[in-house]
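Note sheet for the following structure.
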Amino acid sequence: MRHIISILMENESGALSRVSGLFTARGYNIESLTVAPTQDPSLSRLTLVTSGSEEIIEQITKQLNKLIDVVKLADLSEGIHIEREMMMIKLRAERTQREEIKRLVEIFRGKIIDVTDTSYIVELTGASCKLDAFVEAVNADLIVEMVRTGPSGIARGSKGLGI
Amino acid sequence: MELSGAEIVVQCLKDEGVEHLFGYPGGSVLHIYDAIYRQDAVKHILVRHEQGATHAADGYARSTGKPGVVLVTSGPGATNAVTGIATAYMDSIPLVVLTGQVPTPVIGSDAFQEVDTVGITRPCVKHNFLIKDVKDIALTLKKAFYIATTGRPGPVVVDIPKDVTDPGIKIPYDYPKKITMRSYNPQAKGHLGQVKKAVNKMLSAKKPVFYTGGGVVLGNASKELTELVDELDYPITSTLMGLGAYPGSDRHFLGMLGMHGTYEANMSMHETDVLIAVGARFDDRVTGHIQQFCPNAEIIHVDIDPASISKTVRVDVPIVGPVKQVLRDMLRVVKEHKKKPDKDVLAKWWVQIEKWRGMHCLKYDQNSDRIKPQFAVETLYKVTKGDAFVASDVGQHQMFAAQFYVFDKPRRWINSGGLGTMGFGLPASMGIQLAHPKAEVALITGESSIQMCIQELATCQQYNLPIKILLLNNGYMGMVRQWQEFFYDSRYAQSTMDVTPDFVKLAESYGHVGMRITDPAKLEGAMKEAFAMKDRLVFMDVVVDPEENVFPMIAAGKGHHEMYLSPESELV
């Protein structure tokens with residue numbers, strides 16, 4: 001099963017490599033990893049998407065917790081949470097295709113953020129599956145390039161992951 | 001007090017109570033060595049190879065419980081230390097390893113003797129640091145010692161660039177007395193509710209067995225374990241790493257379990273209905289085939305590391321906490337409990353165990369004109385009255401040592417269990433002897449293992465370390481040869497040590513005493529003679545039966561009940 005793990009860690013050089021190194025060393029799956037500082041500059045917030053059996057996920061969270069730089073950790077998939085990922089996708093958009101792409105972008109509530117005679121760049125935010133659906137819906141021949149941030153997650157409700 | 005970075009490093013070690021520092025100088029640590037030169041509180045032990053420094057510090061740590069401290073230079077100094085760091089990591093041994101680094105302005109430029117030490121050591125340390133500012137030295141070293149010695153212990157590497165130790169820059173020095181880290185809070189206490197749950201299961205067990213490991217030794221919980229086992233009158237088996245935590249000569253003790261464990265230990269594991277695992281990590285050499293492991297048992301697992309719980313084997317009652325405190329709580333709960341173990345049921349279990357013990361699975365035949373390695377270890381036990389510190393290298397001799405030297409005290413049996421590092425023994429013995437100058441230290445080794453760190457014989461001479469080396473010389477990498485005999489139709493690919501030095505002359509050339517022993521009848525006399533030379537290192541080259549094998553044996557992928565007891569036997 002797919003799990004989204006949220007990690008609060010010391011914002012120190014090498015901290016990220018401790019996380020990624022753990023995954024390669026122990027042979028765990030890593031689907032995506034995003035990291036950025038928080039309102040407290042000494043802390044980074046990291047969102048990691050992985051998959052595996054319950055036993056493996058249990059080991060992953062324990063091993064992550066064991067890293068000295070990890071301050072707090074939560075498996076968001078255990079509760080109700082919100083997941084967002086951002087994608088920028090460059091599409092070939094010539095005369096006949098332009099209207100159809102615009103309609104599709106509207107349906108997915110995306111934005112066209114760059115226009116040339118022959119191309120659009122579409123910005124789209126949502127759960128990863130929504131982004132997948134958009135990519136699916138677009139004619140594959142039209143995709144020039146795409147870039148995705150990987151999902152970030154946050155638990156619903158008033159409680160926060162803090163120290 | 002204003003000190004330079006180099007002086008701060010040394011002062012921190014003093015304030016940490018470090019007596020011995022194992023190291024080897026080089027360009028990046030010259031400032032630190034100069035600071036060492038100008039004091040005498042911290043004694044520096046000059047090894048002959050950085051791997052030796054880490055193993056020596058490791059032996060020091062294992063035999064005392066105090067952290068071992070190492071100082072090496074950047075680049076090759078650091079990479080040579082890696083094997084020793086990984087060895088300590090696998091067996092959870094507290095080390096603080098200081099590595100020199102090229103000056104901060106040139107880090108990343110492929111400077112002379114530069115390697116990414118933090119990157120290279122990351123997967124084999126508990127934690128590591130790169131110090132970028134002289135102001136951070138004291139706090140970082142405090143953290144390093146704190147992390148290395150608390151919770152599940154382990155090695156910590158501190159990488160120190162040369163400019164950070166510049167003697168021209170002096171700053172006020174203050175060593176923190178206490179430290180707290182928001183990201184590191186080792187579990188302080190095992191949950192009492194879980195302890196009670198565990199005790200309930202223990203007291204209603206029909207075929208209980210304790211399975212204990214290195215965690216009991218590391219957690220200094222030998223006394224607590226012994227009291228609990230004796231109170232319950234339950235049988236106990238131990239991993240390679242846990243030997244000595246419970247007295248090996250006590251009738252409750254079934255010997256070591258696992259791949260080369262005893263028949264009674266492994267059969268008890270297979271039949272038990274309540275397994276009490278304490279400070280052990282269900283390693284593959286212990287469990288054998290995981291699906292066949294303890295098929296009838298409910299499992300209680302006490303460990304300080306939550307990640308050890310249910311890592312390979314699902315457990316029923318996990319207790320995360322220091323083994324010493326948990327065992328103490330267990331004993332209290334057992335004593336206060338209304339329910340007592342059913343004496344009749346337990347008596348039946350003991351009858352069964354004694355039947356297994358009656359198989360005498362460790363028997364061997366010394367009716368030969370060649371010295372059997374088992375006989376050599378038994379003779380060592382006799383000559384040292386079972387009271388020596390015994391280090392070993394890795395291979396057949398290690399297993400013979402574990403099977404035939406009976407350890408009654410913890411921290412007496414020192415070997416590389418997890419990583420299985422050949423070359424560990426000699427430098428580890430140096431650390432033990434330095435920590436216990438008056439004690440008898442014996443090294444059981446093989447002609448292949450010892451050659452991997454043989455250069456340390458010079459260090460032994462320099463510091464007058466009267467180690468007694470028992471080299472079980474069979475002319476093979478014995479364990480490799482044994483596997484090739486069993487699983488590769490005796491095709492001994494590259495496992496023959498055709499060329500070895502004359503160890504007697506070699507020992508003598510380093511200034512030690514050398515002996516060559518071939519006759520079983522003369523072994524005991526020679527050994528007594530060796531141990532009588534209290535202030536000399538004696539190198540006993542004992543020529544043993546070359547094709548003796550280690551039994552019992554569970555082949556990889558087999559269950560505990562499927563053992564080979566002898567070359568002739570089928571699976572029993």
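No hydrogens, no waters, no symmetry mates; every other heavy atom, side chains included, goes into these values. First the proteins, then the strands, lettered A, B, ... as listed; each starts at 1.
For A/T61, no part lies near chain B; criterion is any non-hydrogen pair under 4.5 Å. Heavy atoms closer than 4.5 Å to chain A are found in the side chain of B/K132, but not in its backbone. Residue contact with chain B, scored on non-hydrogen atoms closer than 4.5 Å, involves the side chain of A/I163 exclusively. Of the two parts of B/R182, the backbone and the side chain both hold a non-hydrogen atom closer than 4.5 Å to a non-hydrogen atom of chain A. Proximity to chain B is absent for every atom of A/E12, based on heavy atoms less than 4.5 angstrom apart.
A salt bridge links B/D133 with B/K135: the distance from a Lys NZ or Arg NE/NH1/NH2 to an Asp or Glu carboxylate oxygen falls below 4.0 Å. Of the charged side-chain nitrogens involved, none lies within less than 4.0 Å of a carboxylate oxygen, so that A/R18 and A/E10 do not count as a salt-bridged pair.
For B/H301 and B/F282, the distance between ring centers is under 6.0 angstrom.
Between the side chain of A/S32 and the main chain of A/G150, no donor-acceptor pair closer than 3.5 Å is present. Without hydrogens or angle criteria, B/K126 side chain to B/Y89 main chain gives no donor-acceptor distance under 3.5 Å. Not a single donor-acceptor pair under 3.5 Å links the side chain of B/T287 to the backbone N or O of B/I290.
Chosen from B/P306, B/S308, B/S310, B/P123, the residue pairing most often with chain A at heavy-atom distances under 4.5 Å is B/P306. When the candidates B/D305, B/L130, B/N185 are compared by the number of heavy-atom contacts under 4.5 Å with chain A, B/D305 comes out ahead.
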